[in-house]
Asker: 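Below you will find the structure I want to go over with you.
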Amino acid sequence: MAEPRPVLEMTGIVKEFPGVRALSGVDFRLFPGEIHALMGENGAGKSTLIKVLTGVHSLDGGTITLDGESVRIGSPLEAQQAGISTVYQEVNLCPNLSVAENIFIGREPTRAGRIQWKQLRKDAADMVDRLGLDIDVTAPLSSYPLAVQQLVAIVRSVGHGDSDGQGSGTKVLVLDEPTSSLDRDEVLELFRLMRRLRDEGVAILFVSHFLDQIYEICDRMTVLRNGTLVGEHMVRDLDQVGLIELMIGKALDQLEELHEHQLRSDVGETLVEAEGLGRTGGIAPFDLEIKKGEVVGLAGLLGSGRTELARLLFGADQPDSGKVTVGGKQVSMSAPNDAIGAGVAFCSENRKTEGLVPDLTVRENIILALQASRGWTRPIPAGQRDELVAKYIKALDIRPANPEARVGQLSGGNQQKVLLARWLITQPKLLILDEPTRGIDIGAKAEIQKLVVSLSEDGMSVLYIAAELEEVLRLSHTIGVLRDRKLVARLTNGPEITTSKILETIASGEHQ
Amino acid sequence: MSATTKTRTAPEGRTASQASAITRLLGDRRLPVLVTAALFLAMYLTGLGRYQNYGFAEPQVFLNLFIDNGYLLVAAVGATFVIMSGGIDLSVGSLIGFTTMFTAWLVERQGLPLIVVVPIALGVGAFGGFLMGYVIHNFEIQPFIVTLAGLFLFRGLCLVISKESISISDSTVSTLAQTRVPLGLGELSIGALVALAVLAAAFYVLHYTRFGRRVYAIGGNEQSALLMGLPLGGTKIAVYTVSGFCSALAGLLFMLYIQSGDPLHAVGMELDAIAAVVIGGTLLTGGSGYVIGTLFGVLVLGLIKSIIQFEGTLSSWWTKIATGVLLCAFILIQRAMTARKQT
Amino acid sequence: MSTPSAATASRWRALTHHHLFWPVAVLVALLLINVPFTPDFFAIKMTDGHLYGSLVSIVLFGSPLILVAVGMTLVIATGGIDLSVGAVVAITGALTCSYISDQADQNALAGVFLAMGIGLVAAVVCGLWNGFLVARMGIQPIIATLIIMVAGRGVAQLITDGQIITINSEPYKLIGGGYWLTLPFSIFVVAAVVAVTVALTRKTALGLLVESVGGNAEASRLVGIRSRRIKIMVYMFCALCAGIAGLMISSNTSAADGNNAGLWIELDAILAVVIGGTSLLGGRFSIGGTVIGALVIQTLTTTIYTIGVPTQTNLVFKAAVVIVVCLLQSPKFRAKVFGAKGRGKPAAPAQPAAPADAAPKMEVSR
Amino acid sequence: AKEDEGSGGNSGSGGSKKITLGFSQVGSESGWRSANTDSVKSAAKEAGYNLKFSDAQQKQENQISAIRSYIAQKVDVIAFSPVVVTGWDAILKEAQAAKIPVVLTDRSVESDESLFVTLVGSDFTDEGRRAAKILEKVLEKAGHKGKVKIAQLEGTTGAAPAIERAKGFKEIMDAEHKDDWEIVVSQTGDFTRAGGKQVMAAFLQSNPDINVLYAHNDDMGLGAIQAIEAAGKKPGKDILIVTVDGVKDGFIAMSEGKINAIVECNPLLGPQLMEVVQKVHDGEKVERWIKTEESDFMQDQAKDALPTRKY
Ligand SMILES: Nc1ncnc2c1ncn2[C@@H]1O[C@H](COP(=O)(O)OP(=O)(O)OP(=O)(O)O)[C@@H](O)[C@H]1O
Ligand SMILES: Nc1ncnc2c1ncn2[C@@H]1O[C@H](COP(=O)(O)OP(=O)(O)OP(=O)(O)O)[C@@H](O)[C@H]1O
Ligand SMILES: [Mg+2]
Ligand SMILES: [Mg+2]
């Protein structure tokens with residue numbers, strides 16, 4: 001078969017940040033009508049390649065050819081005009097605008113310069129509907145959880161390429177980890193959409209750390225390691241093991257280890273007990289008991305209230321009713337520091353707005369929680385601090401391993417690790433992890449899961465929230481099932497519990 | 001499997017969440033403006049009760065609020081654009097002063113007809129704003145500082161034109177200044193009418209044009225707006241240009257109001273403008289607020305002034321203290337009313 | 001690679017990349033501008049047992065600004081701003097001087113200390129109020145502090161009855177106008193305050209917490225930082241600094257002027273903070289930068305007086321310098337204007353993100 | 001409490017009714033101004049008028065809206081000290097249309113003569129001239145020989161007193177002392193002590209040979225004295241000092257020999273104003289310009305004049 005001409009060709013791409021060479025001479029090709037996976041560990045340079053392509057970062061070397069013509073793309077606007085539509089890794093929408101506006105901003109339907117609001121809302125509602133989403137498009141984006149925002153970002157960008165949508169000139173659709181906070185159904189819906197676009201001839205660049213998804217939808221993949229190209233393969237030619245080897249440069253068997261691991265059976269006495277804890281408009285009053293050394297997983301669909309539950313338990317939101325006791329003592333839930341004082345830690349799902357302080361260094365971000373609990377008058381001695389930080393950078397393999405690097409400049413996955421390190425360092429009694437593996441590469445994900453297991457073995461309790469049911473199932477002693485912002489069931493993990501059993505519980509909403 | 005999960009939200013749950021979404025919408029976005037308007041009304045009625053015998057009840061006293069604050073309204077509308085986009089413009093007062101001085105100089109000293117001078121003045125103001133926007137965007141310098149330099153620069157240019165005030169004796173100016181448009185209950189000046197027209201235009205631009213929405217988007221999250229492919233630079237520069245233009249227009253209205261150019265006119269008026277915008281419920285962080293709120297902000301400031309004048313017994317320093325206390329009371333009540341709704 | 005020229009080049013680059021390089025460069029340039037106009041500008045001589053010269057007076061007259069700017073730095077680092085410092089300066093001066101002027105013996109140390117205490121307490125109360133409005137009530141800092149900016153001057157004039165209170169107290173005169181060990185006493189006050197601030201922020205964890213609150217307020221709340229408390233503290237500290245500056249200003253002229261003391265000092269202070277490299281958006285701050293920034297502004301003022309700029313062009317001159325300073329500090333501007341020299345290729349090879357494994361360079365399969 | 005006094009609200013010209021006077025003050029920017037305000041207030045009280053006072057915080061727009069509100073309140077007479085000299089036509093015409101007579105205090109305006117009845121106050125330009133005249137005497141008394149190198153401390157740039165006091169001084173200097181007097185440095189001290197001190201300190205660095213200081217008000221002069229002393233010179237001897245205003249502190253300094261002469265600018269024009277208001281209200285004719293009583297003081301008069309200083 002004569003090779004068709006690539007719609008996009010990047011050759012010898014070089015990108016340097018102060019002190020880091022993020023991309024060194026990467027070649028990349030994208031053909032019309034294919035779904036192409038860009039693979040690599042955290043920090044391999046995937047997002048950077050995308051940002052160079054869309055003009056967010058300037059090129060330090062190399063050329064970009066679009067449709068056979070050499071182009072210079074200076075800004076995301078120019079990229080869009082050239083037919084490249086992008087969903088970036090972190091949700092990049094305007095929280096203050098309505099969902100409808102976020103979808104249409106920049107290309108609102110106008111008549112004589114006047115925005116046609118009615119039509120805009122209708123169109124937006126239609127588009128959202130088509131993705132199987134059920135939300136009020138006139139509400140501000142900020143009133144929706146991250147996953148919904150992610151979906152809105154997808155709707156926005158595919159809207160360009162959608163034949164029914166407005167600007168139908170999209171040739172290239174770039175999706176940087178769009179599925180990191182979606183659950184199965186949204187993913188399926190997204191895939192359906194991607195296939196349709198592919199069949200219409202759109203070239204799709206897809207980034208994801210979920211290998212199953214790659215194998216499900218992609219035709220071809222490019223693998224990066226440490227900013228260099230290590231291979232371009234047809235998906236069918238390379239199995240998972242081979243891919244992982246390519247990505248991390250060595251074989252990985254941790255995953256298998258995990259599958260075999262046995263849940264610690266002897267959980268201790270009750271550590272945390274919530275009674276009738278609830279918040280109107282948030283989550284219905286619930287009871288929850290977490291034992292020492294126990295991992296409690298939360299399962300539920302997008303927007304079912306898992307995050308809400310976690311936030312209430314942590315005092316991030318003020319409950320309207322109920323009480324929480326930790327180790328037998330009641331904790332006032334007026335602010336997070338009360339919970340922290342009682343030994344509860346909370347790793348937010350939204351690392352950008354609720355987690356990191358981007359201007360501070362890795363070291364400062366890591367010690368922040370510990371320092372806050374000590375109060376400002378008792379700084380952590382420098383030696384002890386550096387030792388702790390070095391230890392966790394090493395333990396979690398944060399890259400670059402430079403404690404002086406600004407956290408804002410780390411790759412998404414590494415930022416997540418920093419966040420995790422921050423809480424581990426405080427040695428909490430209960431660690432609440434809300435989507436801790438979001439955006440984390442396969443190796444690191446296994447590491448984190450192993451970590452959870454070992455923490456539990458050391459007697460730390462963990463409340464674990466993840467979009468992937470398998471993940472929850474694998475780690476938890478007990479699974480709380482949420483539906484419509486109500487805790488509807490509590491399942492004790494055992495051989496008879498499977499993902500489909502959990503899904504059934506969610507669907508039927510039956511009480512225990 | 002997918003069949004079971006399709007029922008992601010029970011219908012009742014959804015309607016409930018939609019209903020709560022509407023209240024949330026009201027709660028979050030329009031409430032501050034409504035509260036400001038209500039408080040303004042309450043304040044006005046209090047004034048009515050207290051100074052009835054002094055003619056406070058006359059409709060003209062109310063209309064005077066527009067006459068006496070028309071220029072501030074125009075300046076504040078310009079500031080609203082900037083603040084909405086997440087920036088700030090400190091050059092407003094200086095630019096107003098400069099415009100009065102510049103037009104007075106052109107009309108009186110250079111003998112140009114007003115019809116020529118007005119577009120020149122507006123052009124210069126808009127260009128000044130454009131320059132500041134250009135520097136802010138292209139060199140990534142903080143707006144506070146760039147416009148602070150603008151504050152110094154324009155005030156300095158006033159003085160360079162002349163240290164002394166220049167009286168304008170042009171007959172067109174005095175006719176325009178003294179024209180009163182009867183409105184049944186009272187009358188409005190040209191300046192007040194222009195200000196209201198500017199307000200209406202600003203409302204239209206902010207809510208019915210792409211440019212207006214871009215301003216909100218940038219105020220909401222600049223980085224995101226950039227990544228969404230919005231022309232960040234163009235919008236930012238345009239916003240400061242609008243503010244410069246509005247300041248120049250406010251300067252022209254101010255010139256009508258006082259028929260002279262003076263290098264010390266409108267010192268510190270940028271703070272009045274910013275205060276009006278913020279009192280009107282707009283967040284200084286950008287992206288949230290309504291230009292109608294700015295109108296009420298201006299009216300509140302004007303009313304505070306007016307009440308103090310009607311009180312008529314305050315010594316100089318009590319005037320300042322009373323202004324501060326009224327402002328404070330207003331802000332606290334506004335805050336209390338909006339905060340309760342949010343929880 | 002390690003030729004001497006390359007080494008100096010990289011040292012030079014490290015120097016120009018230091019965050020204080022440009023402020024210091026501007027400061028030096030401004031000082032040098034004076035030399036053609038005042039040949040003995042750098043001369044310092046002994047007069048009446050104390051040092052006397054332009055440099056001394058720059059520090060002397062710049063002291064209040066440095067103090068206010070240092071306090072302002074912390075407020076700005078939390079993402080706030082304090083417009084009320086000028087009014088606080090006036091209130092403190094007015095209270096202290098009016099108390100001293102009521103004393104039978106204005107030279108009595110106890111009375112002077114008590115008066116200063118009263119003034120400073122008033123300042124701190126103002127700061128507490130600001131902090132309360134910002135942190136507790138959630139009012140936007142510009143507006144919250146605008147209240148005292150407007151009303152505070154009224155209060156100061158109320159205290160002085162609209163008059164300038166002149167006092168005649170030798171001990172009080174020392175703080176802002178006196179000399180100690182041949183140097184202006186205010187230098188010691190400033191040094192002490194700066195040292196305390198640096199110690200407070202860098203030797204304790206306060207600095208980190210402040211930067212965290214300014215960098216991401218919600219994240220800070222969720223790690224358990226008591227950001228309200230920190231904000232209130234910072235506003236109080238800022239007001240305290242302004243109060244000390246108020247003492248200094250009133251002591252310098254032995255008079256309290258409710259209307260004019262510290263007029264517009266807030267703008268200069270904010271300017272100093274920004275010139276010093278602290279972002280108005282909050283987050284990272286630099287006390288050293290602020291001190292340099294304040295000195296730049298004071299030198300600018302002195303330069304205007306000494307090189308004979310006509311009064312009407314004072315502000316234009318000031319605007320020009322501010323613009324130049326800001327442009328020089330902008331990396332983007334330097335990149336555009338100085339082109340390759342400023343940005344270009346980093347001379348030192350950027351290290352590849354990790355040791356390259358002996359992985360096959362490319363194994364493309366089609 | 002206001003309501004009981006509300007009778008002033010009617011515009012009746014009945015002689016028995018209390019006169020309502022609307023007075024719009026510039027602001028409270030200096031001790032001089034505060035004394036001026038006090039004088040007006042206490043004189044109004046003494047005369048039994050109903051005084052509506054408002055402070056414009058140095059802003060013309062505030063004065064205009066205050067006057068507009070006096071018109072709405074239908075006061076009997078409006079008096080005000082204009083912030084600036086220009087831009088009063090429109091509002092004065094409104095007052096005229098409402099048949100409310102207007103009296104200016106402190107300084108005049110550039111408006112049609114028919115729009116106000118009279119001006120009670122002094123003349124800043126004349127003060128400048130008087131300052132130059134008294135400097136002649138000071139120089140003579142000090143036995144000064146040779147070139148007169150003058151440093152001038154100006155008021156707030158753009159403010160009328162600053163401009164006119166400089167103008168009047170220069171007028172005499174150019175006319176009579178073209179050769180021997182020279183203003184070597186001139187800079188604004190913003191009418192404040194701190195400003196005066198700072199600017200003078202810089203002057204002494206750049207121009208150590210200054211021998212005369214002319215300050216546009218006492219406060220700047222007082223600040224400058226401190227700077228001169230800090231430089232190791234003797235104010236009043238090494239550098240001769242002439243200032244304008246005549247506040248108490250100025251006289252104290254003069255009695256200590258630190259100021260050589262003061263040109264008085266009298267703020268206590270309340271009683272005069274009330275007289276005029278009464279006349280205007282009664283429809284009597286008054287002069288167009290009623291000058292306040294002011295004098296110039298040399299050092300030897302300082303001790304005697306000191307007790308008479310009220311502010
Ligand atoms: N703005 C920046 N400044 C400095 N370094 C940066 C910047 N952006 C990215 N980097 C660095 O470039 C490298 C590549 O980052 P990139 O975000 O492309 O990784 P990624 O492959 O997308 O990883 P992830 O899977 O975690 O999202 C990382 O080492 C990162 O620290
Ligand atoms: N599909 C949806 N339709 C309407 N509202 C939704 C939807 N998804 C989420 N929400 C809103 O999200 C809130 C609950 O979200 P929460 O973050 O607690 O859920 P979650 O289970 O943690 O979801 P996620 O998987 O995104 O983390 C509710 O207030 C609800 O209004
Ligand atoms: Mg990435
Ligand atoms: Mg969640």
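In what follows, chains are A, B, ... by sequence order, proteins preceding strands, each numbered from 1.
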Asker: So which of D:Q57, D:Q198, D:E29 has the largest heavy-atom pair count under 4.5 angstrom toward chain C?
Answerer: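 When all of D:Q57, D:Q198, D:E29 are compared, D:Q198 has the most.
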Asker: With a 4.5 angstrom heavy-atom cut-off, could you sort out which part of C:L263 is near chain D: side chain, backbone, both or neither?
Answerer: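 Neither part.
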Asker: Taking the side chain as every heavy atom from C-beta outward, state whether D:K41 and D:Q25 have any atom pair closer than 4.5 Å.
Answerer: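 When only atoms from C-beta onward are counted, D:Q25 and D:K41 do not touch, as no gap falls below 4.5 Å.
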Asker: At a heavy-atom separation under 4.5 Å, does D:A227 approach chain C through its side chain, its backbone, both, or neither?
Answerer: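 Contact with chain C involves no heavy atom of D:A227 at all.
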Asker: Between D:T192 and C:T253, is the side-chain contact (heavy atoms from CB on, under 4.5 Å) condition met? List the steps.
Answerer: CA-CA 10 Å; D:T192 64; C:T253 52; over 6 Å; no
Asker: Indicate the ring-plane relationship of C:F188 and C:W180, choosing parallel, tilted or perpendicular according to the 30° and 60° boundaries.
Answerer: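 The arrangement is perpendicular - the two ring planes meet at more than 60°.
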Asker: Side chain, backbone, both or neither: which part of C:T160 has a heavy atom under 4.5 Å from chain D?
Answerer: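 It is neither, since no heavy atom gets under 4.5 Å.
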Asker: Would you mind checking which part of C:Q157 comes under 4.5 Å of any heavy atom in chain D, side chain (CB onward), backbone (N, CA, C, O), both or neither?
Answerer: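 Only the side chain of C:Q157 comes within 4.5 Å of chain D.
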Asker: Side-chain contact, heavy-atom cut-off 4.5 Å: D:I239 with D:F203?
Answerer: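 Contact flag for D:I239/D:F203 side chains = no.
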Asker: Which one of D:K248, D:R33, D:E154 has the most heavy-atom pairs closer than 4.5 Å to chain C?
Answerer: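 Option with the greatest count: D:E154.
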Asker: Anything under 30° is parallel, anything over 60° is perpendicular, the rest tilted; go ahead and classify D:Y214 against D:F169.
Answerer: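 Parallel.
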Asker: Verify the distance criterion only: is there a donor paired with an acceptor across the side chains of D:T157 and C:Q312 at less than 3.5 Å?
Answerer: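 Side chains of D:T157 and C:Q312: no pair found under 3.5 Å.
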Asker: Of the backbone (N, CA, C, O) and the side chain (C-beta and beyond), which part of C:N314 lies under 4.5 Å from a heavy atom of chain D, both, or neither?
Answerer: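 Side chain only.
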Asker: Going through the checks in order, is the side-chain contact (heavy atoms from CB on, under 4.5 Å) test met by C:N34 and C:S54?
Answerer: CA-CA 10 Å; C:N34 279 285; C:S54 291; over 6 Å; no
Asker: For C:T47, which atoms come within 4.5 Å of any heavy atom of chain D: side chain, backbone, both, or neither?
Answerer: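 Only the side chain of C:T47 comes within 4.5 Å of chain D.
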Asker: What part of C:T38 lies closer than 4.5 angstrom to a heavy atom of chain D: side chain, backbone, both or neither?
Answerer: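 Side chain only.
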